[in-house]
Amino acid sequence: MDEKFKLDRQTMALRVAKEFQDGDVVNLGIGIPVLAANYIPAGREVLFHSENGILGFGEITAPGEGDPDLVNAGGQTVNQQPGMCCFGHAESFTMIRGGHVNVSVMGGYQVSEKGDLANWLVPERKIGTIGGAMDLATGVKRLIVTMNHVTKNGEPRVVKQCSYPITALNCVKLLVTDIAVIEVTEKGMVLKEMAPGWTPEEVQRLTEPTLIVDPDCHEIELM
Amino acid sequence: MDEKFKLDRQTMALRVAKEFQDGDVVNLGIGIPVLAANYIPAGREVLFHSENGILGFGEITAPGEGDPDLVNAGGQTVNQQPGMCCFGHAESFTMIRGGHVNVSVMGGYQVSEKGDLANWLVPERKIGTIGGAMDLATGVKRLIVTMNHVTKNGEPRVVKQCSYPITALNCVKLLVTDIAVIEVTEKGMVLKEMAPGWTPEEVQRLTEPTLIVDPDCHEIELM
Amino acid sequence: MPINKIVASFDEAVSDIQDGATIMVGGFGTVASTPSLLLEAVARKGVKNITTVSNTTGFGSDVWKIMGHKFAEDMDILVRNGHIKKAIASAPVSTIYENNFEKLLRAGKVELEMVPQGTLAERVRAAKAGLGGVYVPVGAGTVVEEGKETKVIDGKKYILELPIKADFALIKAHKADRWGNLVYRGSSRTFNETMAGAAKVTIVEVDEIVELGELGPEVIVTPGLYVDRVVARPQEVEEEGEVEISAEARESHERFLKRGSA
Amino acid sequence: MPINKIVASFDEAVSDIQDGATIMVGGFGTVASTPSLLLEAVARKGVKNITTVSNTTGFGSDVWKIMGHKFAEDMDILVRNGHIKKAIASAPVSTIYENNFEKLLRAGKVELEMVPQGTLAERVRAAKAGLGGVYVPVGAGTVVEEGKETKVIDGKKYILELPIKADFALIKAHKADRWGNLVYRGSSRTFNETMAGAAKVTIVEVDEIVELGELGPEVIVTPGLYVDRVVARPQEVEEEGEVEISAEARESHERFLKRGSA
């Protein structure tokens with residue numbers, strides 16, 4: 001199989017950030033999701049929520065420069081900004097479980113046709129960590145998952161049924177992979193955008209469920 | 001029936017206040033209980049809790065002089081004092097239901113042999129108000145009830161079974177009436193103290209359940 | 001666009017409240033903790049058949065005017081004008097005063113669901129926190145238990161209490177910024193803090209709107225994500241001249257001064 | 001007697017913790033939010049077979065020393081010294097680092113009950129708030145559901161989650177007064193605020209003890225009635241000279257700087 005162009009991590013993060021609407025409260029998981037904070041579309045005001053109890057904080061500081069009592073969920077120090085507030089865990093997950101967080105972006109191992117997500121345990125490892133993933137996947141209004149479209153061995157991650165342990169059922173609304181943007185709808189998975197140079201057929205070949213190709217399906221737009 | 005000496009409201013409040021131990025968190029209902037705040041034994045530090053969300057507040061202000069944003073559960077303005085703190089309703093009743101309030105003092109219509117309390121509805125009135133009474137009666141570590149020993153018509157309020165609607169079952173630990181102090185124990189009601197001039201037999205005559213007379217039963221001590 | 005939850009008027013703030021809505025109203029019962037001007041606006045709008053969720057059902061503005069309050073309306077403005085179909089409350093009537101709600105209740109013109117105060121707070125919180133229900137020990141063996149599921153857990157009996165969901169929450173706070181961050185004053189957090197964010201739309205009446213950043217991160221009580229709209233009380237209030245107070249209210253006030261209210 | 005919850009030493013603060021106790025430990029996982037010196041004192045005391053309730057099971061002091069933390073012990077001090085029989089945690093292992101807990105778990109030397117983070121907070125709160133249980137949607141259809149009661153409420157499936165009760169809660173706060181009122185710093189409230197008051201005895205490690213009244217009524221986060229004991233960190237810490245850091249910790253730190261931890 002020839003190696004076609006795939007989006008890198010930063011570009012995936014850039015595409016994800018386009019989804020953030022004015023006034024959204026957004027929770028970003030570690031990895032690619034947290035990079036999306038750097039690409040908020042110009043002029044939009046977005047509030048970041050971190051499950052360890054801060055809302056409306058600023059950018060990640062340079063290493064070693066921040067206040068250890070002001071960190072995001074990945075443990076990275078962040079800057080304070082006007083309007084920020086602090087709270088404890090029961091309150092933080094009241095926000096998450098109660099649907100007060102508009103968007104959560106997290107990584108995934110597998111996403112099923114129905115929007116089931118598996119992202120807390122690689123079965124071979126036998127031991128995983130649930131953390132706040134199940135709460136976020138269950139509670140937020142809109143869950144965006146970002147992951148590579150296939151495993152290192154070329155096996156589909158976009159599957160009919162997850163074979164990995166489930167994080168939450170019917171939770172994924174949008175999937176941003178290194179080759180496609182897919183919306184999860186009641187009718188099935190809709191292919192909305194593709195990486196440059198890809199055809200719907202090529203994306204389908206790496207995808208287990210049958211994709212509905214959006215009439216308007218086009219190359220991924222980043223701006 | 002000759003009119004024997006009975007404690008007045010202030011004296012009942014004084015007797016109740018003797019129960020407050022150093023460091024106790026105390027919630028006082030309206031009426032006689034709230035008067036007890038004036039009689040904390042010398043040298044003891046007691047924190048008052050009010051279910052509308054303040055802890056560690058000071059005395060009731062002179063009428064018209066307080067801050068309307070600093071009131072007790074009876075709506076009376078109180079003074080701030082060092083160490084006081086404010087919180088919302090969910091937190092306030094977490095304190096009450098969770099057993100973090102040591103003592104609650106409230107009025108009663110009837111108290112049964114087993115410590116059941118009826119104090120939210122006089123059946124003839126048909127409409128009553130539950131407010132925070134059930135939460136307090138169920139949640140606090142030690143419930144003290146203060147009421148007249150008999151109704152205006154001379155009927156016992158200390159009864160075998162409450163005929164009035166119940167506030168909570170098995171909740172009253174100590175009963176301070178205008179003629180007696182009675183402890184509710186697993187073995188039954190124990191007569192501990194009597195108003196000056198009363199005999200155990202005279203108290204028993206106005207009381208439905210059979211009282212166990214404490215070997216040390218004596219005249220009510222106020223100091 | 002910068003986030004801006006501030007709206008210009010009380011009428012605008014409540015403009016989408018429809019007949020039949022369920023409305024949470026914050027506060028404890030004291031008018032200082034009550035969103036008086038939002039209640040006035042709802043009354044002006046004239047919505048019908050609403051279900052209210054609040055601690056009390058109001059004492060009427062007279063008792064508060066006697067005490068010198070400028071903004072004196074409480075839940076009673078919705079009661080006496082016949083807006084309410086059903087009230088969910090912990091303390092619907094007073095022991096020292098027959099309020100208008102009690103009159104309507106005795107006349108069969110309004111429904112009541114009485115809920116212990118802490119259970120009311122917990123059911124509101126359950127809605128806010130996305131819980132399906134909570135097992136509460138309060139009310140076991142009483143009328144509160146009637147018609148509800150119970151369960152013995154660890155040897156103790158609990159009642160299954162379900163979330164109270166609402167369309168709107170009307171909140172009184174002290175200060176807000178444009179993100180909707182809130183602080184309260186003294187004992188006036190009460191149900192305001194608990195209800196903020198528990199309904200589909202949360203509307204907040206404040207004494208003062210401040211610049212973003214003026215409310216520090218450690219002192220904000222209600223984070224802005226729970227709040228949809230903020231409206232400020234007018235700074236100056238027109239003098240009404242001589243205030244007329246009913247004899248009933250005067251008498252009730254005398255009794256209150258003696259022993260506190262409830 | 002004036003209330004005084006301040007105790008003189010960390011060893012005194014934990015002196016009544018016995019073998020077999022269940023201990024909640026506040027914080028998120030970052031050492032800044034962890035009661036490091038209380039954990040050291042528990043380890044010194046040498047209690048055995050404890051059950052811990054905490055968000056993580058620790059990363060080890062090395063990773064924190066690299067980052068310049070003076071008080072660098074986290075849950076790992078209890079793990080590596082074999083004090084723990086069972087851990088209840090949401091994030092017991094790391095994806096970028098094999099911690100000591102994972103090693104013991106793989107060796108069958110410790111038990112694990114993994115709980116989603118928000119459910120952990122809610123179960124701790126249920127104990128604090130006197131609830132018998134809560135219906136939580138999180139975990140429905142996953143391994144979390146196994147062996148638990150479920151219930152469909154309003155068309156949605158919920159799991160009955162029971163309170164987590166504990167003998168002790170070890171809390172890290174920023175400042176305390178003699179009544180036990182607490183404030184925290186920034187993002188370090190986490191499970192500290194939630195667990196304070198949730199166990200039979202709550203013991204708090206603070207940066208500073210202040211006079212009663214210095215913490216204002218509107219800024220106190222944890223009211224003193226949830227707190228039993230307060231102990232202050234020493235102001236001056238002896239320099240340890242050259243700190244030895246394992247190669248594994250250094251590598252883990254490099255990866256952390258790239259992408260954040262978990």
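Keep in mind that what you see is a predicted model, and the values were worked out from it rather than measured. No hydrogens, no waters, no symmetry mates; every other heavy atom, side chains included, goes into these values. Chain identifiers are assigned alphabetically (A, B, ...) following the order of the sequence lines, protein sequences preceding nucleic acid strands; residue numbering begins at 1 within each chain.
- Taking chain B as the reference chain and counting heavy-atom pairs below 4.5 Å, the highest number among D:Ala126, D:Ala129, D:Ala127 is found for D:Ala129.
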For the pair D:Thr150 and D:Glu145, evaluate side-chain hydrogen bond (donor to acceptor under 3.5 Å, both in side chains) and give the outcome as yes or no after the intermediate values.
-> CA-CA 8 Å; D:Thr150 64; D:Glu145 189 184 310; 4.9 Å; no

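- In this structure, B:Lys18 forms no cation-pi arrangement with B:Tyr39, as its terminal cationic atom is not both closer than 6.0 Å to the ring centre and no more than 45° off the ring axis.
- Checking B:Asn72 against B:Ser50 by side-chain atom types alone, no donor-acceptor pair falls below 3.5 Å.
- The parts of B:Glu91 that come within reach of chain D are both its backbone and its side chain, each placing non-hydrogen atoms under 4.5 angstrom from that chain.
- Under the salt bridge (charged side-chain N to carboxylate O under 4.0 Å, His left out) test applied with D:Arg233, the options D:Glu208, D:Glu40, D:Glu205 reduce to a single match, D:Glu205.
- Interface summary for chain B: among D:Gly213, D:Ala198, D:Gly224, the most heavy-atom pairs under 4.5 angstrom belong to D:Gly213.
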